[in-house]
2 protein chains.
Amino acid sequence: MKETESPDATTEQKIKEAARTVFHKKGFAATRTRDIAEEAGINLALLNYYFRSKKKLFDIIMIETLDIFKHTMISIFNDKNSSLEQKVELIASNYIDFITNEPDIPMFLLNEMRSNIDDLMEKIPVKPIVMDTVFYNQYMEAVNNDIITEMNPMIFLTNLLSLIVFPFMGKPLLQKIDDADDAQYEKMMQERKKMIPVWIKSMFYRP
Amino acid sequence: MKETESPDATTEQKIKEAARTVFHKKGFAATRTRDIAEEAGINLALLNYYFRSKKKLFDIIMIETLDIFKHTMISIFNDKNSSLEQKVELIASNYIDFITNEPDIPMFLLNEMRSNIDDLMEKIPVKPIVMDTVFYNQYMEAVNNDIITEMNPMIFLTNLLSLIVFPFMGKPLLQKIDDADDAQYEKMMQERKKMIPVWIKSMFYRP
DNA sequence: GTCTATAGGGGGATAGAC
DNA sequence: GTCTATCCCCCTATAGAC
């Protein structure tokens, strides 16, 4: 029973919320179904009653977590009313807010992907999500107009995601180096919302 | 029994090599001592004979893995014969080579750190390793001489590490987006050795 | 739907022969 | 030191009462 619990939710919802929390934090292998039951404030047997097995419950959580990412990406990458520069601001701002609220998700996804890539990628066709987008077309146009110096959009995207995501994944290490408490660290992340677009511009835009 | 095996090594060494490989790839929770025994080509009982328990063996591997990182950092950060710009090149080049050979280590370390930060940080005092260094002094001097625009060395270091490490951790995802095979992906990493110092310069150095 | 009790199996660890 | 056989606990999953 924890702060994540919604007392008036259905049992099924409570179990899923708890599973989300625990799986995200500890990963599949380190999670015990007992942890989930306790977190949900229900009996262990109910977990199997509703979801049949640990693996089936995990798969549901994984799909839903991937879907959140997918939809966030699709909506930002396909916004027709924003310029390329504005999209970079949107991506930085939205993902930093998102990961601040769900700090375990990046490690969870990339860690579980290590073992089950092909499984997962069947369900989420990630290439068209990035390549068949307004973002991609705008990027190529900027390259053709000599506004951007890097021809390969993957390099651009890799660096953008690196600057956004890595500071969250490396937090346990970076925080110790800097002697920062959680509030200071979050403030640093908030400041990165403004700085990342500036940095990206100095890296890739012709001066 | 695998390509990592050294046939003429002592049994103890073979078990440690195998444990390294399997723990790095799957993490503590997902690793079975039987996996390690099989990888080492020895009997399961020998693992306990030499190392008493799975946890004790894991702790040894973890300490050794952290030590590799520590020594690499210390030696680069304290080189008196290299300028700050050269250090950035060295860090990018050495770490990209290192992680190319040991691609599981970043995920392994950061993932296991999530649960056991304080445990580990007692053993590796990471702050002085970065702060009491030639690198730090050179950075501060560059700030005072108005060569560098960002006053906080942590921001500089965070971005540098992000650009180096994240592409490895995000490989399962990024590789799918780009439809790249392993050879292409490694080539991309090699090119980043040259590009990262250039990018860092455009982000932080006064033009 | 929700509980208690328990079956069933996997995995860490050990006993004991060689 | 190295093996086979086995113990035993913990964890997933189910049976069955309510």
Side-chain angles (χ1 to χ4, degrees), chain A residues 1-2 4-64 108 111-112 114-116 119, chain B residues 1-2 4-64 108 111-112 114-116 119:
Chain A
M1 287 216 238
K2 298 281 276 300
T4 52
E5 181 189 349
S6 308
D8 51 353
T10 68
T11 300
E12 188 172 350
Q13 286 168 338
K14 281 197 288 188
I15 295 172
K16 256 174 63 174
E17 277 181 43
R20 234 177 87 81
T21 305
V22 182
F23 277 138
H24 282 179
K25 186 177 313 187
K26 312 215 280 184
F28 179 78
T31 294
R32 301 175 311 154
T33 51
R34 282 167 165 79
D35 298 335
I36 298 174
E38 191 189 354
E39 171 84 21
I42 53 99
N43 190 278
L44 171 59
L46 281 176
L47 189 151
N48 291 81
Y49 173 76
Y50 281 104
F51 297 98
R52 300 278 307 168
S53 79
K54 177 186 176 184
K55 183 61 167 54
K56 284 192 168 56
L57 177 53
F58 177 80
D59 286 343
I60 291 171
I61 302 300
M62 175 57 88
I63 297 288
E64 290 189 0
F108 168 77
N111 199 35
E112 300 294 338
R114 268 202 300 186
S115 16
N116 303 300
D119 254 34
Chain B
M1 288 219 236
K2 298 280 277 298
T4 52
E5 180 190 349
S6 309
D8 50 353
T10 68
T11 300
E12 189 171 352
Q13 285 169 338
K14 281 197 288 187
I15 295 172
K16 256 175 64 174
E17 276 181 44
R20 234 176 86 81
T21 306
V22 181
F23 277 139
H24 282 179
K25 187 178 310 188
K26 312 216 281 184
F28 179 78
T31 294
R32 300 176 311 153
T33 51
R34 285 167 166 80
D35 298 335
I36 298 174
E38 192 190 353
E39 172 84 21
I42 52 99
N43 190 278
L44 171 59
L46 279 177
L47 189 152
N48 290 81
Y49 174 76
Y50 280 104
F51 297 98
R52 301 271 308 165
S53 79
K54 177 186 177 184
K55 183 61 167 52
K56 284 192 168 58
L57 177 53
F58 177 81
D59 285 343
I60 291 171
I61 301 300
M62 175 57 88
I63 297 288
E64 290 189 359
F108 169 77
N111 197 37
E112 299 295 337
R114 269 203 298 187
S115 16
N116 303 302
D119 255 35

Can you tell me the distance, in whole Å, between the [atom1] atom of [X] and the [atom2] atom of [N]?
X: Lys14(A); N: dG1(C); atom1: NZ; atom2: C1'; answer: 12 Å
X: Ile15(B); N: dT2(D); atom1: CD1; atom2: C1'; answer: 10 Å
X: Phe28(A); N: dC11(D); atom1: CZ; atom2: P; answer: 14 Å
X: Glu12(A); N: dT2(C); atom1: CD; atom2: P; answer: 10 Å
X: Leu46(B); N: dG1(D); atom1: CG; atom2: C1'; answer: 7 Å
X: Phe58(A); N: dA13(D); atom1: CZ; atom2: C1'; answer: 19 Å
X: Leu57(B); N: dG11(C); atom1: CG; atom2: P; answer: 17 Å

Quick one: which residue pairs count as a salt bridge (charged side-chain N to carboxylate O under 4.0 Å, His left out) with a foot in residues 52-61 of chain A, not counting sequence neighbours? Lys55(A)-Asp59(A)
Partners meeting side-chain contact (heavy atoms from CB on, under 4.5 Å) with Thr31(B) (sequence neighbours left out): Val22(B), Phe23(B), Lys26(B), Ile36(B)
side-chain contact (heavy atoms from CB on, under 4.5 Å) with Ala45(B): which residues, sequence neighbours excluded? Asn43(B)
With sequence neighbours left out, what residues match Arg32(B) under side chain to side chain donor-acceptor pair (under 3.5 Å)? Asp35(B)
Contact pattern, 5' to 3', of nucleotides 13-18 of chain C - B, S or - by protein heavy atom under 4.0 Å: BB----
Return yes if some donor-acceptor pair links the side-chain N/O of Glu112(B) with the main-chain N/O of Phe28(B) below 3.5 Å, else return no. yes
Salt bridge (charged side-chain N to carboxylate O under 4.0 Å, His left out) filter on Lys16(B), not counting sequence neighbours, yields Glu64(B)
Choose from dG1(D), dT2(C), dG12(C) the nucleotide whose nearest atom is closest to any side-chain atom of Thr11(A). dT2(C)
